[in-house]
Amino acid sequence: MVILSDDNEYKAVSAKKKNPVIKSEEIEYDKTYENTIRPKDFENYIGQSALKETLYITIEAAKKRNVPLDHMLFYGPPGLGKTTLAGVIAEQMGVNIKITSAPALERPRDIIGILMSLKAGEILFIDEIHRLNKVAEEILYSAMEDFMLDMTTGKTQTVKTMRIPLPKFTLIGATTKAGELSGPLRDRFGMIHRLEFYTPEELSQIIKRTAGILDIEITEEGAEEIARRSRGTPRIANRLVKRVGDFAVVKYDGVINEDIAKKSLEKMEIDEFGLDNTDRRLLKLIIEKYDGGPVGIETIAAALSEDVRTIEDISEPYLLQAGLLQRTQRGRKVSPEAYRHLGIKQYGVQQNLFED
Ligand code: ADE
């Protein structure tokens, strides 16, 4: 139930009902560069095959029964295609999608305006849903469960409550931190799916597809080289293919081959593991200043002059998955593999006496 502070606020909400003002950058889905390379259907959406199969069945069943899809939650590291997948689902359902993110839903009227603008069957996509404030979250409870907007207006003496019916819509939430979602919100999703990092083979296919759309010539080996250094993440792969493509055009004959991919990625200081300067600084800091760890994330962030959230969301997931970093009760620790990767000798480790 939403408590709106006074009648004026409710008037603002009513006005929104007629003409909801939703920040255009959040809902314009088809306009930016990223969207030209975003796959629009399952055939072009590479990877996540188990999830794709489940979704395909769910969508076809919903279409046959003529009911909206269950609310869905996608979680996993950034850049793995959560928004893209929501777009594919909308396309496959033949419905409109409205895209926003939790930080844009600061005031009650933001979420109310969007909910009231929805038509039956439409999809509402909320990115970074773990960052929703309490009020917005509570509005969503009844909206998701009963398709009702529960509102209370006026001050304590003159409180009026009302329930406004909403069309049956589907909420797709995306988060990099499923653990930070409250239990009641999590429980209102009918399906919860984790997106996995992509294999180099899948990334190579994505890179070739993107290069084709952007009119960039690329060899098989060139695509594989970029794929290996893309940290299992399509968003990074797509960014790199564009930058390496620029490099190939300016310095060479325009074709990305293995050699050009290697040279340009080295210039960008992206190593064979796909690690960039921040990742290497992070690992080196733990090794050199904290003897390999464990050390707390706040200490690491302060020493690197980085934001804790940036480290947790961007650097850490891949370092963990690549086995270079470990999370322990007492903080982050690097693995022996990290020492090897950085070419730093690990002291205090029992050497194998028979090794030459
Ligand atoms: N771009 C981002 N994610 C993608 C995917 N899974 N397949 C193809 N292109 C993508």
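The basis for the numbers below is simple: all heavy atoms, side chains too, and nothing from hydrogens, waters or symmetry mates. Only a predicted model underlies this, so the values are computations on that prediction, with no experimental measurement involved.
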Indicate, with yes or no, if Leu118 and Leu132 share a hydrophobic cluster defined by side-chain heavy-atom contacts under 4.5 Å among Ile, Leu, Val, Met, Phe, Trp and Tyr.
-> yes
Considering all heavy atoms of both residues, which atom of Arg209 and which atom of Ile37 are nearest to each other, and what is their separation?
-> NH1-O, 2.8 Å
Salt bridge Glu60-Lys64, side-chain N to carboxylate O under 4.0 Å = no
Of the non-hydrogen atoms in Thr328 and Pro294, which two are nearest, and what is the gap between them?
-> OG1-CB, 3.6 Å
More than 12 foreign heavy atoms under 6.0 Å from CD of Gln321: is that the case here?
-> yes
Using modelled atom types only, decide if a donor and an acceptor are shared between the side chain of Arg280 and the backbone of Leu275 within a distance under 3.5 Å.
-> yes
Is a donor on one side and an acceptor on the other found under 3.5 Å between the side chain of Lys82 and the backbone of Pro77?
-> yes
Electrostatic pair Arg229-Glu225, nearest N-O below 4.0 angstrom = yes
Following the transitive rule for hydrophobic clusters with a side-chain heavy-atom cut-off under 4.5 Å over Ile, Leu, Val, Met, Phe, Trp and Tyr, establish whether Tyr56 and Ile89 coincide in one cluster.
-> yes
Taking only Lys NZ, Arg NE, NH1 and NH2, and the carboxylate oxygens of Asp or Glu, determine whether Asp246 and Arg243 approach each other closer than 4.0 Å.
-> no
Check: Asn257 side chain, Glu221 main-chain N or O, donor-acceptor pair, under 3.5 Å | no
Does the distance from a Lys or Arg side-chain N to an Asp or Glu carboxylate O, for Glu266 and Lys263, drop under 4.0 Å?
-> no
So, the side chain of Arg235 versus the backbone of Pro78: is there a donor-acceptor pair under 3.5 Å, distance only?
-> no
Does NZ or CZ of Arg188 come closer than 6.0 Å to the centre of the six-membered ring of Tyr141, within 45° of the ring's axis?
-> yes
At what distance, to the nearest 0.5 angstrom, does CE of Met162 lie from CE of Met148?
-> 13.5 Å
Answer whether the closest heavy-atom distance between the side chains of Tyr198 and Gln48 falls below 4.5 Å.
-> yes
Look at Arg131 together with Glu180 and state whether they make a salt bridge at an N to O cut-off of under 4.0 Å.
-> no
So which heavy atom on Gly81 is nearest to which on Tyr45, and how close?
-> O-OH, 3.2 Å
To the nearest 0.5 Å, tell me how far Met144 CE sits from Leu124 CG.
-> 9.5 Å
Are side-chain heavy atoms of Thr54 and Met191 found at a separation under 4.5 Å?
-> yes
Under the 3.5 angstrom rule, does the side chain of Ser142 hit a backbone N or O of Glu138 as a donor-acceptor pair?
-> no
Could you tell me how the ring of His71 sits relative to the ring of Phe147: parallel (under 30°), tilted (30 to 60°) or perpendicular (over 60°)?
-> tilted
Backbone of Arg107 reached by a side-chain donor or acceptor of Asp110 within 3.5 Å | yes
Honestly curious: do Ile270 and Ile256 fall in one hydrophobic cluster under the side-chain, below-4.5 Å linking rule?
-> yes
Of Asn238, Thr84, Thr210, which meets side-chain hydrogen bond (donor to acceptor under 3.5 Å, both in side chains) against Arg38?
-> Thr84
Under 3.5 Å, is there a donor-acceptor pair between the side chain of Ser264 and the main chain of Val244?
-> no
Exercise: identify the closest heavy-atom pair between Leu324 and Glu337 = CD2-CG, 3.7 Å
Count the heavy atoms of every other residue, nucleotide or ligand shown that sit under 6.0 Å from CG of Asp291, and state whether that count exceeds 12.
-> no
How are the rings of Phe74 and His193 set relative to one another: parallel (under 30°), tilted (30 to 60°) or perpendicular (over 60°)?
-> tilted
Looking at Ala227 and Ile207, what are the two nearest heavy atoms and their distance?
-> N-CD1, 3.4 Å
Just wondering, more than 12 heavy atoms not from Lys52 lying within 6.0 Å of its NZ?
-> yes
Check whether any side-chain N or O of Lys98 sits under 3.5 Å from a backbone N or O of Ile114 as a donor-acceptor pair, and report yes or no.
-> no
Nearest non-hydrogen partners of Ile311 and Leu282, listed with the distance = CG2-CD1, 3.7 Å
Lys251 side-chain N/O to Ile260 backbone N/O, donor-acceptor pair under 3.5 Å = no
Who pairs with Ile344 by side chain to side chain contact (heavy atoms under 4.5 Å, CB included), at least two apart in sequence or on another chain?
-> Lys284, Ile287, Glu288, Tyr339, Leu342
